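In what follows, a structure is listed as structure tokens, so that the remarks can point back to it.
Owing to the predicted nature of the structure, the values given are computational and were not obtained by experimental measurement. Here is the naming used below: chain letters follow the sequence lines, and residue numbers restart at 1 for every chain.
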Amino acid sequence: MELDKAYDPKSAEEHHYKRWEESGFFAPEINTDPEAKPYSIVIPPPNVTGSLHMGHALQHTIMDSLIRWKRMLGYRTLWLPGTDHAGISVQRKVVEQLKKDEHKKPTDIGREEFIKRAWAWKEQYGNTITEQMRREGASVDWSRHRFTMDESLSLAVRNVFCTLYDEGWIYRGLRIVNWCPKDRTVLSDLEVKEETKKDGKLTYLKYPVKDSDQTITVATTRPETMLGDTAVAVNGGDKRYKDLVGKTILLPLTNREIPIIADEYVDAEFGTGAVKITPAHDPNDYLVGERHGLEQLLVMNLDGTMNEAAGVEFDGMDRFAAREKVVAMFDELGLLEKVDDYEITLPVCERCKTVVEPILSEQWFVKMDEMRDLALDLMRHEGSPHFSPRVPHEKVYTNWLENLKDWTISRQLWWGHQIPAWYDADGNVFVARTEEEANEKAGGRDLTQDNDVLDTWFSSGLWAFSTFGWNGDVSETDDLNSFLPTDVLVTGRDIMFLWVSRMMMLTKKFVDKTAFNDCVITGTVLGKDGKPMSKSRNNGVDPIEMFDKFGVDATRIYLASIATGADIRWNDVGVETYRNFANKIWNATRFCLMNAEGAAVDHASLMNSGQWAVGSGQEESLTTDHRPPTTALADRWIVSRLNRTALDVNAALNKYEFHSAVSLLYHFFWDDFCDWYIELVKDEITAGGPEATTRIITIMEIALRMLHPFMPYLTEELWQKLPGTSNALHHAAYAGADATIMLASFPPGDKLSVDEGAEEEMKDVIDLITKIRNIRAEMNIKSSDKIIVHVATGTSGYNIFNNNKPQILKLARAHDLIIGNQFTVPKASATAVTSNAKIAIPLEGLIDFDVERTRLANQIAKLTEEKTRLDGQLSNANFVDRAPAEKVTELRDRSTELESQITTLNNNLESLN
RNA sequence: GCCGUCUUAGCUCAGUGGUAGAGCACUCGCUUCACACGCGAUAGGUCACAAGUUCAAAUCUUGUAGACGGCACCA
């Protein structure tokens, strides 16, 4: 069989996913081992309006790698996919569509019709991301796909709401909340971001004191709110205003008289030391108002316009227009003291960047004191979730919980879970799971359901258990028993509070379990400019474009290679590296297959105890012979490297060190396997020996399995082409399933097959070859010029070099290798030393003595520098006394070795003169 | 204001109490029969700065400078 010369990712990506999905390989049911341990991950549900971005690609890569790895290790794995209903985003899309297509407002068509349109929108556009996940190769169980507005998940929401209400954990109350005038809904604190405005203004207004000529000056960034002032506050200890406390102000532009009060809240040092108090439009003022029993005067509508309480002149006017008008009117009245430029940070809506208005409004809240304790106790008593990386996330998470305020959960939207609360004509509230139940509670009075819906994150907070079938009516399912707690949650920092913490609390509260044992917090993928990717910066990189350009596998393994937990800059060159890596693997396999006539994967060819390679899941017996059946150094060495790599990769994945797993695989494959092993055995293979070919395709097969979690398409494509791969290689748990690398065993690695001796011998061979190549390169020896190499070495070196003479000759492009205990350096030789050999290459007529002298001098200088440093340490009595004995010995040995190498090189240098 | 992170080769980044690593770029040389998305060989770093702990610090502690993140506040 002959492969194309270069790997074409598209052709592999096209057919494998479909087969995997249709064969049911992704579902936990594929695992037929009744003893199999479960391993589960729930996806952080992407927003239905969304499309795949680089953050998703990174997180999905991590989740899929973990799932594929565990699946290959024989776990009953479930990666559960789904999407959330994204209340505000979908609402906005539908509103826009309605306006564009029919020039209508939502109120024109009514709630019921609007929701119908929203569902239609979701059906039409809501699967973008799920299709993109198929392209990514995500091995999610589509049969368990969930949506936060599915019937069962919605029932869960109602039941949770009712229970929390009944237990007093949810309440309805009048509070200052964050209002987004554009989306026309309340937002929770977490959905409000800060934006710094350099062109802000601080306006100083003079308020006349009643029965006096005096005025009192207050400063404000929101002059229009003065229309709602119900007091002016000063610090009780402020001498300047002492006499004014208790008097009243005649509030300009209104006919109101408001008191001057003393309150601790006011900082006498700041501004004028006098503060206008607007309890209905500022959270701090609200608290002051509570303390002093002030009127809460609401002067604004929920669309950002002023209301009639603001006065006829302002009624219906936009808040920003009103601001200008208030200032102008104060100016006319001679009551405007000044307007300063002022840099101000404003709260803005996270989604639409509209300036958020703090406003007094009656909303539903989740009380957070006891709720918070659920999560804190889990962390303190069980260390759950175990964050990775632990620093700094554990502390940030805990600190946030400790300072938590109540959570506003009502939203003034139609799309979402309508709050299961009904009101009678008198405003009495009846919270119930259904309208019937509410009617029952109300004793037949006419009821109207609350117009609002719940925060999308309220339903996402139930995701860890609602997705497994819990809905309050049903509280036990097989999936729940098997898969909760989930093993790991993989997500970004940005939703640690919005989602991670709430899922911990709600899962503990309703299922009495931790939602997930581990929590991998990924870094942010930044644009090339080192800034977070965003549309406004235009520095975004589309994962789909990367898939097209470099292939899915290259993109995936690149993402895994940068998944350290720190933020990382996107770098096309990095993906290119792994595109090249994919091609390297392709070509290595191509080489194997070109020579594979009559051979087939056979693990006994590598290992007398070859079971580990297939992954029986059995512990290796210590009595088994772990040496490969051949005695050839290259074979012993590659088997050792393979096992070491497998052990290290498993260890890295266990610690969520994806980047180091990738690096291990990359270097095993490229350096060990391609650069050395293939080259060492090439002659044997091209000569047509079936043993050597069997061995190399067997190694290839095992290496592909190790790579599969990161590069699913390429490895499947190649694995299918290797002769002798079949479902016989499957992990025992998947017996009977169609042949696929997905269900083959992940190599666990075998400690006893790590052969230190072979690795040391190979190091000697590699050193020798490298030194010879160095001489060739430095001396500009043409590749066609055959050289003769003299080597002086000890007995063990003699055996090593003699046994591998053909390979050394080939890789060093040498004509002959003369090995002895010692030699006299032939005339006009270039020379070098390794840790166990002296090398001389006679180059009569080819040698440039100046170049050689420089070369040797550089070598000597380098070695001498190292020796000087070592001897410095060794002559320090403190070091010799206090450092571990083995460390001292190690340095002494190295120093002795350097001494001998330097002497040799010095002699060689002299003999040139 | 509080909590925290980062500063390592030209670039992007790993790493770690005991001789500084990778990829890319650079230099030199290769149409070597898997691969030029390649092969071979070099070069390149007082690991931000200062002090301390230690036999030993790039690694631990403290401070300084710069970059950044979260939270709170902002009349």
Select base, sugar-phosphate, or nothing to describe what A:Y204 touches, counting heavy atoms under 4.0 Å on all strands. nothing

Would you indicate whether A:E402, at its atom CD, is surrounded by more than 12 heavy atoms from other residues, nucleotides or ligands within a distance under 6.0 Å? yes

Which whole number of Å gives the distance between the C1' atom of B:C13 and that of B:C47? 13 Å

Touch check for A:A582, heavy atoms < 4.0 angstrom, all strands: base, sugar-phosphate only, or nothing? nothing

Counting only heavy atoms not in A:K531, do more than 12 sit closer than 6.0 Å to its NZ atom? no

Taking all non-hydrogen atoms of both residues, which atom of A:V880 and which atom of A:L874 are closest, and how far apart? CG2-O, 3.2 Å

Between A:F581 and A:Y578, what is the ring plane arrangement, given parallel below 30°, perpendicular above 60°, and tilted in between? perpendicular

Nucleic acid footprint by protein, nucleotides 18-25 of chain B - heavy-atom cut-off 4.0 Å, B for base, S for sugar-phosphate alone: BB--SSS-

Sugar-phosphate only, base, or nothing, as touched by A:I562 at under 4.0 Å among non-hydrogen atoms: nothing

When we call it a touch if two heavy atoms are under 4.0 Å apart, what does A:E194 touch: a base, just sugar-phosphate, or nothing? base

Looking at B:G29, I'd like to know if its phosphate oxygens (OP1 or OP2) sit under 4.0 Å from a side-chain N or O belonging to A:R776. no

Assign each of A:K276 and A:W570 to its nearest nucleotide of RNA chain B by heavy atoms, then name whichever residue's nucleotide is nearer the 5' end. A:W570

In whole Å, what separates the C1' atom of B:A14 from that of B:A22? 7 Å

From C-beta outward on A:P392, which listed nucleotide comes closest to its side chain: B:C73, B:G4, B:A14? B:G4

Treating a pair as Watson-Crick (purine N1 to pyrimidine N3 plus N6-O4 or O6-N4) or G-U wobble (N1-O2 and O6-N3) with both distances under 3.5 Å, list the stems of 3 or more consecutive pairs that involve RNA chain B. B:1-7 with B:65-71, B:10-13 with B:21-24, B:27-30 with B:38-41, B:48-52 with B:60-64

Base, sugar-phosphate, or nothing: which does A:Y7 touch, judged by heavy atoms less than 4.0 Å apart? nothing

Have a look at A:T220 and say if it touches a base, only the backbone sugar-phosphate, or nothing, with a 4.0 Å heavy-atom cut-off. sugar-phosphate

Using atom P in both nucleotides, what's the gap between B:C6 and B:A48 to the nearest angstrom? 12 Å

Which protein N or O atoms sit under 3.5 Å from an N or O of nucleotides 6-9 of chain B?
none

Mind checking if A:N399 touches a base, just sugar-phosphate, or nothing, with heavy atoms under 4.0 Å? sugar-phosphate

A:R569 CZ to B:C13 P, in whole Å, measures 5 Å

Within the distance-only criterion (no hydrogens, no angle test), does the side chain of A:T272 pair as donor or acceptor with the backbone N or O of A:A274 below 3.5 angstrom? yes

What does the list of N/O pairs under 3.5 Å between the protein and nucleotides 41-43 of chain B look like, with a distance for each?
{"from": "B:A41", "atom 1": "O3'", "to": "A:N774", "atom 2": "ND2", "distance (Å)": "3.3"}
{"from": "B:A41", "atom 1": "O2'", "to": "A:N774", "atom 2": "ND2", "distance (Å)": "3.2"}
{"from": "B:U42", "atom 1": "O5'", "to": "A:N774", "atom 2": "ND2", "distance (Å)": "3.3"}
{"from": "B:A43", "atom 1": "OP1", "to": "A:K862", "atom 2": "NZ", "distance (Å)": "3.2"}

Exceeds 12 heavy-atom contacts within 6.0 angstrom, atom CD of A:E195: yes

For A:V391, report the nucleic acid contact type (base, sugar-phosphate, nothing); a contact means any heavy atom under 4.0 Å. sugar-phosphate

Just to verify, what does A:Y558 make a ring-ring contact (aromatic ring centres under 6.0 Å, His included) with, not counting sequence neighbours? A:W570

When the P atoms of B:G66 and B:C73 are considered, how many whole Å apart are they? 27 Å

With respect to the side chain of A:R579, which nucleotide from B:C74, B:C37, B:U5 is positioned closest? B:C37

Any luck finding a side-chain donor-acceptor pair between A:T693 and A:N595 under 3.5 Å? no

Just the atom pairs and distances: protein N or O near nucleotides 32-34 of chain B's N or O, under 3.5 Å.
{"from": "B:U32", "atom 1": "O4'", "to": "A:R813", "atom 2": "NH2", "distance (Å)": "3.3"}
{"from": "B:A34", "atom 1": "OP1", "to": "A:K682", "atom 2": "NZ", "distance (Å)": "3.4"}
{"from": "B:A34", "atom 1": "O3'", "to": "A:R590", "atom 2": "NH1", "distance (Å)": "2.9"}
{"from": "B:A34", "atom 1": "O2'", "to": "A:N587", "atom 2": "OD1", "distance (Å)": "2.5"}
{"from": "B:A34", "atom 1": "O2'", "to": "A:R590", "atom 2": "NH1", "distance (Å)": "2.7"}
{"from": "B:A34", "atom 1": "N7", "to": "A:K682", "atom 2": "NZ", "distance (Å)": "3.2"}
{"from": "B:A34", "atom 1": "N6", "to": "A:C674", "atom 2": "O", "distance (Å)": "3.3"}
{"from": "B:A34", "atom 1": "N6", "to": "A:E679", "atom 2": "OE2", "distance (Å)": "3.1"}
{"from": "B:A34", "atom 1": "N3", "to": "A:N587", "atom 2": "O", "distance (Å)": "3.2"}
{"from": "B:A34", "atom 1": "N3", "to": "A:A588", "atom 2": "N", "distance (Å)": "3.3"}

